[in-house]
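What follows is a single structure, written as structure tokens, with notes after it.
Hydrogens, waters and symmetry mates play no part in the numbers below; they use all other heavy atoms, side chains included.
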Amino acid sequence: MKITRTQVGIVGAGPAGLMLGHLLHMAGIDSVIVEDRARDYVIERVRAGVLEQGTVDLMIDSGVGDRLQREGLSHDGFSINVYGKLRRIDLAALTGRRITVYGQNEVVKDLIGARMATGRALLFEVADVAVHGLKSSQPGIRFNHNGELQEIRCDFIAGCDGFHGICRPSIPEDSIRIYERVYPFAWLGVLASAAPSSPELVYSRHARGFALFSMRSNAVTRLYLQCAPDEDLTQWPDNRIWDELLARLGNDDGWKPNVGPITQKGVTGMRSFVVEPMQYGRMFLAGDAAHIVPPTGAKGLNLAMADVWRLSRALAEHYQSGSDALLDRYSDDCLQRVWRAQQFSWWMTSLLHRSDTGNPFDSRRQRAELEYVTNSLAAMTSLAENYVGFPIAHEFAGELEKTVLS
Ligand code: FAD
Ligand code: DHB
């Protein structure tokens with residue numbers, strides 16, 4: 001068996017694992033990243049698109065934001081289509097902050113490029129990954145790579161292997177608590193070769209259900225439709241998808257998305273999930289491995305970035321001063337932001353989706369809330385503040401703002 005020694009062993013090369021490896025490198029800390037998928041699969045996987053300003057700042061300040069600054073689409077607001085009436089939420093005017101549309105796969109591509117340039121280890125297509133010795137001072141990661149059994153011995157393990165990874169399930173059940181809620185609907189997402197017909201996102205509540213208009217570039221539109229969790233994609237030929245999107249996004253001003261060839265489609269289930277604490281012995285969980293939000297609030301990727309920023313600071317403190325104060329607080333500190341995002345994502349989801357409870361009271365109450373949120377300055381400000389996200393490295397009012405990477 002080949003044995004390698006490093007300071008931090010990272011499981012998963014999604015945004016969390018790659019950004020953690022990058023931030024640790026910047027702090028002079030060695031790591032090995034192991035990923036079970038192929039490099040091209042990881043780079044091409046279509047997922048999130050909305051980056052909070054804190055995520056953008058983190059990428060720029062840590063030196064991986066050049067292409068993001070050139071190609072990212074900066075948005076000052078978005079619209080909510082309330083049963084045909086378009087109402088704009090002016091994020092910039094309400095909060096002084098904005099969001100950036102830049103595909104998660106582009107973030108991953110930039111981070112893989114940065115990793116390659118450092119020469120530090122990033123192994124794709126590893127198999128049978130297992131972690132052990134989590135309560136010892138030298139935990140390990142075992143796996144198969146190119147037919148050879150390997151072990152990485154490290155000081156710490158970062159479980160950045162997403163919701164379906166092996167790190168969280170390696171923790172004894174009686175050492176963690178899980179909070180979970182599964183929703184009775186899902187999203188059918190498509191990418192279309194069509195120029196976005198609006199420069200900003202449109203979240204739509206229509207009698208037929210939720211729809212979302214987004215984009216990836218000046219030539220590619222990204223769209224989502226509320227559907228059943230077990231929706232059969234073979235029942236959704238492209239013309240049916242477009243009919244439904246045009247119906248649900250339609251509004252009194254006559255605005256509609258441009259139609260074009262659909263190049264990718266998939267169904268994503270919806271779940272709220274948190275594990276507490278986000279640590280077991282010398283293994284720390286970050287990103288989707290520790291928490292999942294329904295995608296309506298566009299928070300998942302941003303939460304993953306905030307977690308690993310915190311973890312990188314805590315590990316840097318450990319190596320620089322020998323203090324574990326930040327490592328000991330890691331889970332509690334992360335969970336503050338996580339629960340704020342959980343509440344917001346649940347609320348955005350309940351606000352915008354059709355839920356067939358069978359009680360007409362629920363849909364009238366939801367409509368009253370949509371009217372309030374799109375007309376009251378106080379309500380819009382609260383929505384905008386949560387949507388643009390709280391700065392990374394600064395949680396809520398009361399704490400002094402620290403600079404990113406301070
Ligand atoms: P992942 O991206 O899941 O990465 C985990 C990595 O670990 C993967 O590469 C996986 O292959 C690897 N892995 C798994 N198991 C193993 C193993 N055993 N060994 C080694 N490697 C393993 N978030 C937003 O912020 N904004 C949005 O607009 C947004 N929209 C979304 C839209 C959709 C349709 C979906 C599905 C998600 C969306 N999200 C959004 C959520 C966002 O994509 C996730 O929160 C984000 O990918 C989390 O990053 P991560 O690195 O924690 O996990
Ligand atoms: C996108 C995804 C989201 O979950 C969201 O809330 C907004 C935009 C997107 O993929 O562009």
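- Within the 3.5 Å criterion, the main-chain N or O of Ala289 finds a donor-acceptor partner in the side chain of Arg168.
- Under the 6.0 Å distance and 45° angle rule, Lys256 does not count as a cation-pi partner of Phe213.
- Side-chain N or O atoms of Glu317 include one that pairs as donor or acceptor with a backbone N or O of Leu326 at under 3.5 Å.
- More than 12 heavy atoms of other shown residues, nucleotides or ligands fall within 6.0 angstrom of atom OH in Tyr83.
- Residues meeting the salt bridge (Lys or Arg N to Asp or Glu O under 4.0 Å) test with Arg45, sequence neighbours left out: none.
- Distance alone, capped at 3.5 Å, places no donor-acceptor pair between the Arg97 side chain and the Phe390 backbone.
- In this structure, a donor-acceptor pair under 3.5 Å is present between the side chains of Asp232 and Thr234.
- With Ser355 contributing its side chain and Thr357 its backbone, the two residues share no donor-acceptor pair below 3.5 Å.
- With 3.5 Å as the limit, one finds no donor-acceptor pair spanning the side chains of Tyr330 and Asp324.
- Ring centers of Phe156 and His318: under 6.0 Å apart, within the cut-off.
- Checked against Tyr203 for a ring pair (Phe, Tyr, Trp, His ring centres under 6.0 Å), the options Tyr224, Phe78, Trp187 give a single hit: Phe78.
- A donor-acceptor pair is defined here as one N or O able to donate and one able to accept, closer than 3.5 Å; such a pair exists between the side chain of Gln342 and the backbone of Ile292.
- Within the 3.5 Å criterion, the main-chain N or O of Gly84 finds a donor-acceptor partner in the side chain of Asn81.
- Judged by distance alone, with hydrogens and angles left aside, the side-chain atoms of Arg115 form a donor-acceptor pair with the main-chain N or O of Ala121 at under 3.5 Å.
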**OP:** Please report the C-alpha distance between Glu276 and Arg177 in whole Å, then the side-chain angles of each, then the deciding distance to 0.1 Å, and finally whether the salt bridge (charged side-chain N to carboxylate O under 4.0 Å, His left out) criterion is met.
**Re:** CA-CA 5 Å; Glu276 288 189 2; Arg177 176 150 186 203; over 6 Å; no
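- The minimum heavy-atom distance between Trp346 and Pro294, with the atom names listed, is N-CG, 4.4 Å.
- A cation-pi arrangement, defined by a distance under 6.0 Å to the six-membered ring centre and an angle within 45 degrees of its axis, is present between Arg37 and Tyr41.
- Inspection of the His353 and Gln366 side chains reveals no N or O donor paired with an N or O acceptor under 3.5 Å.
- Within a 6.0 Å sphere centred on CD of Glu173, heavy atoms belonging to other residues, nucleotides or ligands number 12 at most.
- Counting non-hydrogen atoms of neighbouring residues, nucleotides and ligands closer than 6.0 angstrom, the NZ atom of Lys265 exceeds 12 such neighbours.
- Panel note: side chain His75, backbone Pro199; a donor-acceptor pair is recorded below 3.5 Å.
- Here CZ of Phe163 is found 5.0 Å from CZ of Phe273. Values are rounded to the nearest 0.5 Å.
- Across Asp288 and Arg47, no two heavy atoms sit closer than the pair OD2-NH2, 4.0 Å.
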Please tabulate, for side-chain N and O atoms in residues 5-14, each donor-acceptor pair with protein atoms closer than 3.5 Å (sequence neighbours left out).
residue: Arg5; atom: NH2; partner: Asp155; partner atom: OD1; Å: 2.7
residue: Thr6; atom: OG1; partner: Asp30; partner atom: O; Å: 3.4
residue: Thr6; atom: OG1; partner: Asp30; partner atom: OD2; Å: 2.9
residue: Thr6; atom: OG1; partner: Ser31; partner atom: N; Å: 3.3
residue: Gln7; atom: OE1; partner: Asp30; partner atom: N; Å: 2.7

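- Side-chain atoms of Arg282 and Tyr280 include no donor-acceptor pair closer than 3.5 Å.
- Residues Asp90 and Arg88 are paired through a salt bridge, judged by an N-O separation under 4.0 Å between the basic side chain and the carboxylate.
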Original post:
Can Val202 and Ile80 be said to form a side chain to side chain contact (heavy atoms under 4.5 Å, CB included), step by step?
Top reply: CA-CA 6 Å; Val202 180; Ile80 301 183; over 6 Å; no
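- Remark: Arg87 CZ is packed, more than 12 non-hydrogen atoms of other residues, nucleotides or ligands lying under 6.0 Å away.
- A 6.0 Å sphere centred on CZ of Arg364 holds no more than 12 heavy atoms belonging to other residues, nucleotides or ligands.
- The backbone N or O of Leu18 lies less than 3.5 Å from no partner atom in the side chain of His22, so there is not a single donor-acceptor pair.
- With hydrogens and angles left out, the side-chain atoms of Ser197 and Trp255 include a donor and acceptor closer than 3.5 Å.
- Across every non-hydrogen atom of Ala341 and Val293, the tightest pair is O-CG1, 4.1 Å.
- Here the straight-line distance linking atom CG of Leu327 with atom CZ of Arg313 works out to 12.0 Å at 0.5 Å rounding.
- Separation of atoms OG1 (Thr381) and CG (Leu94) is listed at 4.5 Å; rounding is to 0.5 Å.
- No donor-acceptor pair under 3.5 Å is formed between the side chain of Gln104 and the backbone N or O of Gly49.
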